[in-house]
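Structure record follows, encoded as structure tokens.
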Amino acid sequence: MTKAARVYVVDDDLHVLSAFRRLLEAAGYDVVASNSPNDFLARHDHTLPGCVLLDIGMAELTGLETQQRLLELGVSRPIIFVTGFDDARTGVEAMKSGAYDYLIKPISDKILLATVEAAVLSDIKAFHEREDVAKLSRQWRSLTVREREVMLQVIRGRLNKQIAGDLNIVEKTVKVHRARVMEKMGVRSVAGLVHIAEKLQRSGCQEFLTTTDHR
Amino acid sequence: MMIGAILDTATPLRKRIESALRPNYPLAAGKLSKPVPARSAFGSADHGNGVLALSAWAATALSSAICFIVAIIALGMFDPDAERNVVQFVDSHRLLATALVFGPQLILVLAILAYDSRSRMLEKLLSETQNRMQTEIDRQRQSIIHLSRVGTVGQLSGALAHELSQPLTAIMNNAHAIDRMLSQKPLNLREVRGAISDIIDDDSRVRDVIHHLRALLRKDTAEFGRVDMTLLIHKVLGLVRKEMALHRVKPVVAIAPNFPLVWGDDVQLQQLLLNLIMNAIDAIESSGKKGGSLSITAYSVDGPGGGSYHLCISDTGSGFQPEIIEKLFEPFFSTKKQGLGLGLSISEAIVRGHNGSIQAENNNEGGATFHITLPAAHEKSA
């Protein structure tokens, strides 16, 4: 699984760049090597899981700024910062801003490969979660306004009769909506529906949160 | 100065000496003792102190005798051989010497010469004295320049570690990549070759950095020769490349083609460039701007005797306060919190040692520029 992942290597030293590329390719990764942060940002594909090996001290954009750009693009990708300077301050800054790891050159192949593998695995996991959430929010968006109202009532444990009273409709119609909700959300039980609602809430799905806020 | 003042005196020698010395050496508190043979006079001096040089003057106090005063200023750090030489000189000319100890570290030795053919002796002694002093001053200057260079390289240690760790990282990872590639089928021979050739390149990169460093750190005597400034500028920029990148300082280099070779010491000229570049980086950093540029412009001007070579190093910092521009090259003058204030005075000493000149001025558009003029190397032999 990790072998199919893509590793971006960004370093303005061409020799270091190709050495990292060769080693990671030999280890079976799909490697995209860039000698500048802008080249990397242009070639970055957020639809594939992977990680970034980013030199922290580049003239064009520093590693930390590059990380910031990625975040602005809405991409949360594990970044392994690489530096030739053993500078504690930069290390702390990098870790605080959410770096996956911080490696100081010269870096041995073992540490490099182990760190890349762990970063890639964590991204694949996060990737699946993101895909899951994306699917759920798509499903949520496919519900009609009335169906959403019914669903929110159902997950609070209210009975069909109570929902019918609240929404001023007949119980039979509630049943129909309820069945449609279950079908569209791909679940068979109220428990499954509650589980989805939790996931949507935790992931910060905007459409879901704005609907629930009004209640 | 002192020598002239004493030479034409007719008053008793001791008085003259004492009054001449007091204003120059505030530590002077001793009185002249009775003349004794040179060896014992030196024997009474503190042997922990060496001898700097002879400073002599004569007085025609009695008959045709010439009196010499040999002032020996010793601060413990000077050539210990000189003391022996002074004793020998005094002995071989049948001098009498008397030693005065002015405080623990300042020794004055008076030698009275009862010798007839005055002028030739005096001249010889004076010129020997001056040569020795000049040699000693030169040696001291060289070693101060060298020490300061060691300090500058120390400041760059982070960037230099980077210059070494880059190729080492590349070498190690290429080697491990080759190791993996060799066990893969099909074997990608092109990649293996590429990795091997990169390893060879990186090895020479490491070697170059080490050689460069050794040259900068080791040499403490100036060796003049023809110096290719273009090469030198690029060499130094290679050394500070990462340091500049980290501070967002962009180098802008403009060197006129066919400029003459400079007559100088390549290591000291590199030090000069390093000092001014580091200074510019500091200036940009402390101006609070997010980065800037450093331009190095070099051009030559034709003229009698081979013309001259001009070097301008400009930064985009906030320039100098007008009142301090005069003091920039004074030793121990610094506007930086952590500066010793030696960088620019040493730069000035280097330029002066090369018979050149250096000036600083503020740019109209902000920042400052250092203008350096160096004589071109033409048919010079020494």
Side-chain angles (χ1 to χ4, degrees), chain A residues 3 7 9-29 31 33 35-37 53 55-66 80-91 93-94 103-117, chain B residues 156-185 187-206 209 237-238 240-251 290-294:
Chain A
K3 301 300 178 194
V7 179
V9 183
V10 194
D11 200 309
D12 56 1
D13 185 309
L14 289 177
H15 279 212
V16 172
L17 185 67
S18 20
F20 281 157
R21 177 185 60 74
R22 286 193 190 102
L23 181 69
L24 291 165
E25 275 177 359
Y29 291 102
V31 180
N35 68 351
S36 81
L53 202 61
D55 184 56
I56 210 160
M58 283 173 294
E60 190 179 87
L61 273 184
T62 65
L64 293 174
E65 286 167 335
T66 310
I80 302 166
F81 281 112
V82 172
T83 181
F85 292 89
D86 184 2
D87 170 14
R89 200 172 46 108
T90 324
E93 249 175 74
L103 303 177
I104 297 160
K105 289 177 197 169
I107 303 160
S108 78
D109 66 315
K110 279 200 192 73
I111 289 182
L112 182 75
L113 291 176
T115 314
V116 165
E117 180 163 1
Chain B
L156 275 172
S157 62
L160 292 173
H162 181 270
E163 288 306 312
L164 290 174
S165 65
Q166 290 291 97
L168 288 177
T169 299
I171 288 171
M172 187 158 52
N173 286 290
N174 271 320
H176 284 291
I178 293 170
D179 191 31
R180 281 169 182 269
M181 286 190 261
L182 288 181
S183 59
Q184 281 169 354
K185 275 175 192 160
L187 177 63
N188 188 341
L189 212 52
R190 207 174 59 90
E191 275 290 64
V192 173
R193 286 214 177 96
I196 291 175
S197 110
D198 277 4
I199 288 176
I200 294 170
D201 278 2
D202 281 317
D203 178 74
S204 67
R205 240 167 111 193
V206 171
V209 175
L237 283 176
V240 293
R241 185 179 58 91
K242 204 69 194 182
E243 188 76 16
M244 290 176 76
L246 280 181
H247 290 95
R248 303 288 186 81
V249 176
K250 230 180 94 182
K290 255 201 150 190
S293 66
L294 169 104

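Numbers restart at 1 for each chain; the letters A, B, ... are given by sequence-line order, proteins then strands. For the numbers below, each heavy atom of this structure counts, side chains included, while hydrogens, waters and symmetry mates do not. Values in this document were obtained by computation on a predicted structure and should not be read as measured data.
Taking both residues in full, the closest heavy atoms of A170(B) and A19(A) are given as O-CB, 3.4 Å, listed atom of the first, atom of the second, then distance. Between A26(A) and M181(B) the shortest heavy-atom distance is CB-CG, 4.0 Å. Among all heavy-atom pairs drawn from S18(A) and D198(B), the shortest one is OG-OD2, 3.6 Å.
In this structure, no portion of L17(A) lies under 4.5 Å from any heavy atom of chain B. Looking at E191(B), the atoms closer than 4.5 Å to chain A (heavy atoms on both sides) sit in the backbone and in the side chain alike. For L14(A), no part sits under 4.5 Å from any heavy atom of chain B, backbone or side chain.
Every side chain to side chain donor-acceptor pair (under 3.5 Å) that D13(A) has, sequence neighbours left out, goes to Q166(B), R205(B). Remark: E93(A) pairs with no residue by the side chain to side chain donor-acceptor pair (under 3.5 Å) rule, at least two apart or across chains.
The residue among V16(A), L113(A), D109(A) with the most heavy atom pairs within less than 4.5 Å of chain B is D109(A).
If you take CG on N173(B) and CG on L24(A), they are separated by 8.0 Å, rounding to the nearest 0.5 Å.
The closest side-chain donor-acceptor pair between R22(A) and N174(B) falls under 3.5 angstrom.
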Run the side chain to side chain contact (heavy atoms under 4.5 Å, CB included) test on R180(B) and L23(A) for me, step by step, so that the C-alpha distance in whole Å, both residues' side-chain angles and the decisive distance to 0.1 Å come before the verdict. CA-CA 8 Å; R180(B) 281 169 182 269; L23(A) 181 69; 4.1 Å; yes

